[in-house]
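The block underneath contains the structure these notes are about, expressed in structure tokens.
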Amino acid sequence: ATVVITRTSNDVSITNIDRARMLNKAGVDIAIHLHCNSSSYESKEGLSVYRKTTGKWQDEEKTMAKALADAMSAATGAVNLGVKTYNGYMSLNWSTTPAVLLEMGYISNRREDKLLASKAYRRKMAEGITEGIAQYFGR
């Protein structure tokens, strides 16, 4: 797989529409947006995957989202909050390929924030994402 990264630091001003356009221009087969969640409840934990319920890719996105959520949870041991739907993410709405948004944990949860800062945990998360993609493509 060839990975297209839309930013490598926090001090970059790129809109979600710009990110989708960058991936569209690169000709990606799928678009996966990596995020960390936050909540006013410090005990909130777990990972989830967001998809749209509109557009021509919604069936593929549903399949991909489930594969990713399950594989990421299996690889990391994180609570699997499952597949969520939201039609307001511009990074998904402007994509010309199947697109999902991964919420890999809660930075407002001290335990998860510490895990997300760990290179070993991020490797496990990457392995889960890789496995989820492989399952989506039937490999």
Side-chain angles (χ1 to χ4, degrees):
T2 300
V3 177
V4 177
I5 299 176
T6 59
R7 72 178 181 125
T8 57
S9 68
N10 290 331
D11 60 345
V12 176
S13 180
I14 302 172
T15 70
N16 289 328
I17 294 171
D18 291 338
R19 290 181 187 139
R21 285 178 174 155
M22 291 168 71
L23 296 174
N24 294 341
K25 185 177 179 179
V28 299
D29 294 318
I30 58 173
I32 299 176
H33 299 271
L34 308 177
H35 288 252
C36 293
N37 219 332
S38 187
S39 172
S40 57
Y41 300 101
E42 291 181 15
S43 61
K44 186 77 173 167
E45 66 179 328
L47 58 84
S48 56
V49 181
Y50 282 84
R51 68 174 186 90
K52 304 183 311 293
T53 60
T54 60
K56 72 178 188 176
W57 301 112
Q58 59 185 300
D59 291 337
E60 289 86 349
E61 291 164 346
K62 183 177 183 179
T63 300
M64 181 170 43
K66 173 126 176 51
L68 284 162
D70 292 349
M72 290 163 45
S73 179
T76 62
V79 172
N80 185 350
L81 300 174
V83 177
K84 311 282 184 183
T85 59
Y86 182 63
N87 294 327
Y89 289 125
M90 293 298 109
S91 54
L92 304 184
N93 290 334
W94 284 75
S95 181
T96 58
T97 61
V100 294
L101 184 144
L102 311 182
E103 292 287 4
M104 301 180 292
Y106 282 82
I107 58 174
S108 50
N109 177 307
R110 289 181 187 177
R111 186 186 63 76
E112 282 196 347
D113 187 44
K114 188 174 180 179
L115 284 171
L116 289 161
S118 157
K119 186 176 183 177
Y121 187 81
R122 288 193 312 267
R123 178 171 291 283
K124 288 179 184 178
M125 185 66 71
E127 290 168 358
I129 293 168
T130 302
E131 179 60 28
I133 292 169
Q135 288 175 18
Y136 170 71
F137 282 112
R139 297 185 180 154

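Keep in mind it's a predicted model, so treat the numbers as computed, not measured.
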Take L115 and T76, measure what side chain to side chain contact (heavy atoms under 4.5 Å, CB included) needs, and give me the verdict at the end. CA-CA 10 Å; L115 284 171; T76 62; over 6 Å; no
Tell me whether the rings of Y86 and Y89 are parallel (<30°), tilted (30 to 60°) or perpendicular (>60°). perpendicular
If you count heavy atoms of other groups shown closer than 6.0 angstrom to NZ of K84, is the number above 12? yes
Residues in ring-ring contact (aromatic ring centres under 6.0 Å, His included) contact with Y136, at least two apart in sequence or another chain: none
Under the side chain to side chain contact (heavy atoms under 4.5 Å, CB included) criterion, do M64 and I30 qualify, and how do the steps go? CA-CA 9 Å; M64 181 170 43; I30 58 173; 3.7 Å; yes
For T63 and D59, indicate whether the former's side chain and the latter's backbone hold a donor-acceptor pair under 3.5 Å. yes
Group every Ile, Leu, Val, Met, Phe, Trp and Tyr by side-chain heavy-atom contacts under 4.5 Å, then state whether V79 and L102 land in the same group. no
Of all heavy-atom pairs between A20 and S91, which one has the smallest distance, and what is that distance? CB-O, 3.6 Å
Distance col, row T15:OG1 vs W94:CH2, nearest 0.5 angstrom, shows 9.0 Å
Side chain to side chain contact (heavy atoms under 4.5 Å, CB included) with V49: which of L101, N80, I32, V100? V100
Please round to the nearest 0.5 Å and tell me the distance separating atom CD of E61 and atom OG1 of T54. 8.0 Å
Beyond-backbone contact of S95 with N24, side-chain heavy atoms, under 4.5 angstrom: yes
Count I, L, V, M, F, W, Y as connected when their side-chain heavy atoms are under 4.5 Å apart, and connections chain through other members. Are L34 and I14 then in the same cluster? no
Out of curiosity, D113 CG to Y106 OH, how far, rounded to the nearest 0.5 Å? 13.5 Å
With side chain to side chain contact (heavy atoms under 4.5 Å, CB included) as the criterion, how do K52 and Q58 come out once you've worked through the C-alpha distance, each side chain's angles and the decisive distance to 0.1 Å? CA-CA 6 Å; K52 304 183 311 293; Q58 59 185 300; 5.7 Å; no
Taking the side chain as everything from C-beta on, heavy atoms only, tell me whether N37 gets closer than 4.5 Å to E112. no
Would you give the length of the straight line joining atom NZ of K44 to atom CG of N109, rounded to the nearest 0.5 angstrom? 11.0 Å
Intermediate values then yes/no, side-chain hydrogen bond (donor to acceptor under 3.5 Å, both in side chains), T97 and D29: CA-CA 6 Å; T97 61; D29 294 318; over 6 Å; no
For the pair S73 (side chain) and A69 (backbone), establish whether a donor and an acceptor sit closer than 3.5 Å, ignoring hydrogens and angles. no
Taking T6's backbone N and O only, do any of them form a donor-acceptor pair with D18's side chain (distance below 3.5 Å, no angle check)? no
Using the salt bridge (Lys or Arg N to Asp or Glu O under 4.0 Å) criterion, which residues pair with R111? Sequence neighbours excluded. E45
Hey, does the side chain of R51 reach the backbone of A99 with a donor-acceptor pair shorter than 3.5 angstrom? no
Can you check side chain to side chain contact (heavy atoms under 4.5 Å, CB included) on K62 and V83, steps first, answer last? CA-CA 8 Å; K62 183 177 183 179; V83 177; 5.6 Å; no
I want to check something: taking the side chain as every heavy atom from C-beta on, are V4 and M22 in contact at a cut-off of under 4.5 Å? no
Heavy-atom distance under 4.5 Å between the side chains of T53 and N87, does that happen here? yes
Side chains of R19 and N16 only: does a donor on one sit below 3.5 Å from an acceptor on the other? yes
Can you get from M125 to L68 by hopping between Ile, Leu, Val, Met, Phe, Trp and Tyr side chains that sit under 4.5 Å apart? yes
Is a donor on one side and an acceptor on the other found under 3.5 Å between the side chain of S108 and the backbone of S39? yes
Would you say CZ of R110 has more than 12 non-hydrogen atoms from neighbouring residues, nucleotides or ligands within 6.0 angstrom? no
Nearest 0.5 angstrom please: I107 CD1 to C36 SG, how far? 6.5 Å
